[in-house]
Amino acid sequence: MHHALEIVLTQAVTVAELRRAAQNWPLAANHDTSRLMAVAGGKTPERAAHRLRQRLAGRLPIDVITSHYPDAYGCVLLNIDFPPDAHTTLRQNARRAGLTPERFVQEALQRALAEHADREADRLDHAVRQLLAHTTPAHLLSAVGHALTRPQQDLAP
């Protein structure tokens with residue numbers, strides 16, 4: 001099987017660096033060469049990402065490799081190469097929690113995303129209440145509908 005993978009770099013690379021890396025693996029770059037796309041073979045996305053990282057290690061400043069498409073459960077793979085000290089700490093904390101390091105990171109990310117979603121919901125609720133203090137629900141709903149039907153570039157603050 002082949003898997004579409006996105007490579008997030010710690011910094012943009014030059015055209016020459018990209019060409020050298022592409023000699024080892026076909027890559028497609030975004031406009032500023034800070035993100036790359038690749039197709040990698042492997043039985044699983046995890047194996048494909050591992051293989052890609054091994055092949056490109058030392059040639060590109062790779063931060064994270066992700067699966068480009070979500071799996072059947074809506075999840076994307078995050079392939080992160082932690083520094084040795086961070087990896088040791090992660091293994092110790094996972095062991096104390098009775099989890100594998102992968103499961104420990106997964107649960108920590110899920111908690112962080114849930115907390116972020118709660119904060120965002122609270123922020124939006126507060127903003128809507130502030131707006132409703134100065135207008136009617138019908139006017140606010142009309143304004144929201146109008147804003148959502150405009151082209152995306154008009155929505156930027």
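In what follows, residues are counted from 1 in the order of the sequence shown.
- Summarising the geometry, atom CG belonging to D118 is positioned 13.5 Å from atom CZ belonging to R123; distances are rounded to the nearest 0.5 Å.
- Taking CG of L5 as the reference point, atom OG1 of T66 lies at 7.5 Å (rounded to 0.5 Å).
- When all heavy atoms of L27 and A38 are compared, the closest pair comes out as CD2-CB, 3.8 Å.
- Distance CD/E46 to NE2/H3: 8.5 Å, rounded to 0.5 Å.
- Rounding to the nearest 0.5 angstrom, the gap separating the CD atom in E102 from the CG atom in L77 is 10.5 Å.
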Evaluate the side-chain contact (heavy atoms from CB on, under 4.5 Å) criterion for residues R47 and H50: first the C-alpha distance (whole Å), next the side-chain angles of each, then the deciding distance (0.1 Å), finally the verdict. CA-CA 5 Å; R47 285 186 177 181; H50 179 75; 5.6 Å; no
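- Within the 4.5 Å cutoff, the side chain of L56 has no heavy atoms near those of the L36 side chain.
- Both F104 and V64 belong to a common hydrophobic cluster when Ile, Leu, Val, Met, Phe, Trp and Tyr are linked at side-chain heavy-atom distances under 4.5 angstrom.
- For D32, the CG atom is densely surrounded, since the number of other residues' heavy atoms within 6.0 Å is greater than 12.
- Considering only heavy atoms from C-beta on, I62 comes within 4.5 Å of L9 through its side chain.
- Using a cutoff of 4.0 Å between basic side-chain nitrogens and carboxylate oxygens, E107 and R103 are scored as salt-bridged.
- Note that the CZ atom of R129 and the CG atom of L132 stand 8.5 Å from one another [nearest 0.5 Å].
- Looking only at side-chain heavy atoms (C-beta outward), D85 and T89 stay at 4.5 Å or farther from each other.
- Qualifying side-chain hydrogen bond (donor to acceptor under 3.5 Å, both in side chains) partners for D81, counting only residues two or more places apart in sequence or in other chains: none.
- If you check the side chains of R51 and Q54, you find no donor sitting under 3.5 Å from an acceptor.
- The shortest distance between side-chain heavy atoms of V105 and L78 does not fall below 4.5 Å.
- At a threshold of 4.5 Å between non-hydrogen side-chain atoms, the residues P61 and V13 count as touching.
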Take N79 and L52, measure what side-chain contact (heavy atoms from CB on, under 4.5 Å) needs, and give me the verdict at the end. CA-CA 10 Å; N79 176 287; L52 179 64; over 6 Å; no
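- Within 6.0 Å of atom CZ in R91, more than 12 heavy atoms from other residues, nucleotides or ligands are found, so the atom counts as buried in its surroundings.
- Looking at heavy atoms from C-beta onward, R35 lies in side-chain contact with E6 at the 4.5 angstrom threshold.
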When you look at V15 and T33, which way does the side-chain contact (heavy atoms from CB on, under 4.5 Å) test go after all the steps? CA-CA 8 Å; V15 173; T33 66; 5.6 Å; no
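- Atom CG of N93 and atom OG1 of T88 lie 11.0 Å apart (nearest 0.5 Å).
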